Q: 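Pasting a structure below so you can have a look.
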Amino acid sequence: MASERLDFAATLAGKAGELGMEYFRRLETLTVTKKGHQDLVSEADRDVETLVRKELAAAYPQDGIVGEEHGRVEGTSGYTWVIDPIDGTANFVAGIPQWCVIIACVYNGETIVGVIHDPNANETFRGAKGEGAFVNDRAIKVTDSDSLSNGSLGVGFNGRTEASDAINCIGALVSKGGVFFRNASGGLMLAYAASGRLIGYCESHMNAWDCLAGMLITEEAGGMVAPYDADHTLTNGTRVVVGGPGVFKDISEIVEASFGPRR
């Protein structure tokens, strides 16, 4: 069942990415509004999510849906789809080709499907519970690095927790010989951690639509992920810490020393 939903989600993310690219190619006509600090939304976000919701409702009418732009629809099947139509909207509206479509599926409190589609690079990162992780048709795995000084750590920032969380984290990382990476798309950075491009990723708080897919893909790629509850995350979000087995402990120690109380 998970593999069937994964195939559907990957195809749908591709369609959503195509629509997103239509808007991306004509940014001068785009209507953009501000939701909060460093938090933008465009008509592209809303229209792409509408497309995804429509196709999900047609294919799986009993399933629930949670999306960044259009709220939550309860289902009766035990399955809930989680959507971020354009993760990295600030990049999108600035013409920076670092954004993605994210689709995850949760069943009875467990993430079972995750897809992160980057239409600019024509890459689809995907995974289903117990079935491995892939980018397009190639299997991926997390880094085998055993040192923070060997590779870059993705560090996220959000407007919901203290700015000092990210500042402290970067300071601690650099003091240990590490290098930080940020491209303003948490979804893509999680995909990069899953595929070994980054040694890991951390952020003091992420919403479900930003992180559930990437955490599952990272686990399926052999990575370590700090414990989280998918049902709780659907409503409240979660702290995110992922990494290769050889660096996860060091990343976790930096996070515990740098981040404030969990939300």
Side-chain angles (χ1 to χ4, degrees), residues 2-27 29-32 35 39-61 63-73 75 79-106 111-128 133-137 183-192 194 206-214 216-217 234:
S3 58
E4 172 194 313
R5 287 169 180 266
L6 176 62
D7 291 343
F8 179 85
T11 299
L12 179 53
K15 292 180 183 178
E18 289 176 7
L19 179 58
M21 287 298 293
E22 290 180 16
Y23 283 101
F24 192 61
R25 295 186 185 104
R26 52 180 178 87
L27 288 176
T29 70
L30 206 62
T31 300
V32 181
K35 294 194 292 185
D39 194 5
L40 303 174
V41 62
S42 73
E43 62 188 294
D45 296 81
R46 296 190 178 101
D47 290 352
V48 171
E49 184 168 319
T50 297
L51 166 70
V52 174
R53 283 175 176 267
K54 182 178 179 180
E55 298 230 359
L56 286 173
Y60 300 101
D63 291 3
I65 301 175
V66 175
E68 179 173 13
E69 307 305 335
H70 297 306
R72 183 166 187 165
V73 174
Y79 292 92
T80 300
W81 294 94
V82 190
I83 312 160
D84 191 342
I86 297 176
D87 181 58
T89 299
N91 288 343
F92 185 95
V93 301
I96 300 171
Q98 286 279 290
W99 53 272
C100 60
V101 178
I102 307 175
I103 301 176
C105 187
V106 174
T111 310
I112 61 165
V113 162
V115 174
I116 299 171
H117 175 62
D118 177 355
N120 288 281
N122 193 30
E123 290 186 323
T124 303
F125 301 85
R126 57 187 174 86
F134 303 83
V135 57
N136 298 341
D137 293 323
N183 68 357
S185 170
L188 276 182
M189 287 187 280
L190 281 167
Y192 293 170
M206 295 183 79
N207 291 313
W209 44 81
D210 295 318
C211 67
L212 287 181
L216 172 65
I217 297 169
L234 284 175

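These figures come from a predicted structure and were not determined experimentally.
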Q: How many angstroms lie between CG in L212 and CD1 in I112, if you round to the nearest 0.5 Å?
A: 12.0 Å
Q: If I take atom CZ from residue R5 and atom OH from residue Y60, how far apart are they, to the nearest 0.5 angstrom?
A: 5.0 Å
Q: When you look at I65 and V52, which way does the side chain to side chain contact (heavy atoms under 4.5 Å, CB included) test go after all the steps?
A: CA-CA 10 Å; I65 301 175; V52 174; over 6 Å; no
Q: Between D87 (side chain only) and V101 (backbone N and O only), is there a donor and an acceptor less than 3.5 Å apart?
A: no
Q: Which atom pair, heavy atoms only, marks the closest approach of Q98 to L188?
A: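 Looks like C-CD1, 3.8 Å.
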Q: Kindly give the heavy-atom pair with the smallest separation between G187 and I116, and that separation in Å.
A: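 G187 and I116 have their closest heavy atoms at O-CD1, 3.4 Å.
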Q: Got a donor-acceptor contact below 3.5 angstrom from the N120 side chain to the I96 backbone?
A: no
Q: How many angstroms lie between CG in N91 and CD1 in I86, if you round to the nearest 0.5 Å?
A: 11.0 Å
Q: Which atoms form the tightest heavy-atom contact between A213 and I102, and what is the distance?
A: CB-CG2, 3.6 Å
Q: Minimum heavy-atom separation for L190 and C211, please, with both atom names.
A: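 The pair with the smallest heavy-atom distance is CD1-CA, 3.8 Å.
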Q: Would you compute the distance between atom CG of L12 and atom CZ of R53 and round it to the nearest 0.5 angstrom?
A: 12.0 Å
Q: Look at the aromatic rings of F92 and F24 and report parallel, tilted or perpendicular, splitting at 30° and 60°.
A: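 Plane angle between 30° and 60°, so tilted.
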Q: At their closest point, which heavy atom of L51 faces which heavy atom of A16, and how far apart are they?
A: CD2-CA, 3.8 Å
Q: How close do W209 and D84 get, heavy atom to heavy atom, and via which atoms?
A: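 Scanning both residues, the minimum pair turns out to be O-CB, 3.5 Å.
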Q: I'd like to know if the side chain of D210 reaches the main chain of G186, judged simply by a donor and an acceptor atom lying under 3.5 Å from each other, with no hydrogens or angles considered.
A: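 Answer holds: no.
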Q: So, taking the atom named CZ in R26 and the one named CE in M21, what distance separates them when rounded to the nearest 0.5 Å?
A: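 Spacing of CZ (R26) from CE (M21) equals 12.5 Å.
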Q: How long is the span from the CG atom in D45 to the CH2 atom in W99, to the nearest 0.5 Å?
A: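 The CG atom of D45 sits 9.5 Å away from the CH2 atom of W99.
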Q: For G114, is there any backbone N or O sitting under 3.5 Å from a side-chain donor or acceptor partner on R126?
A: no
Q: Are D63 and W81 close enough that a side-chain donor and a side-chain acceptor fall under 3.5 Å?
A: yes
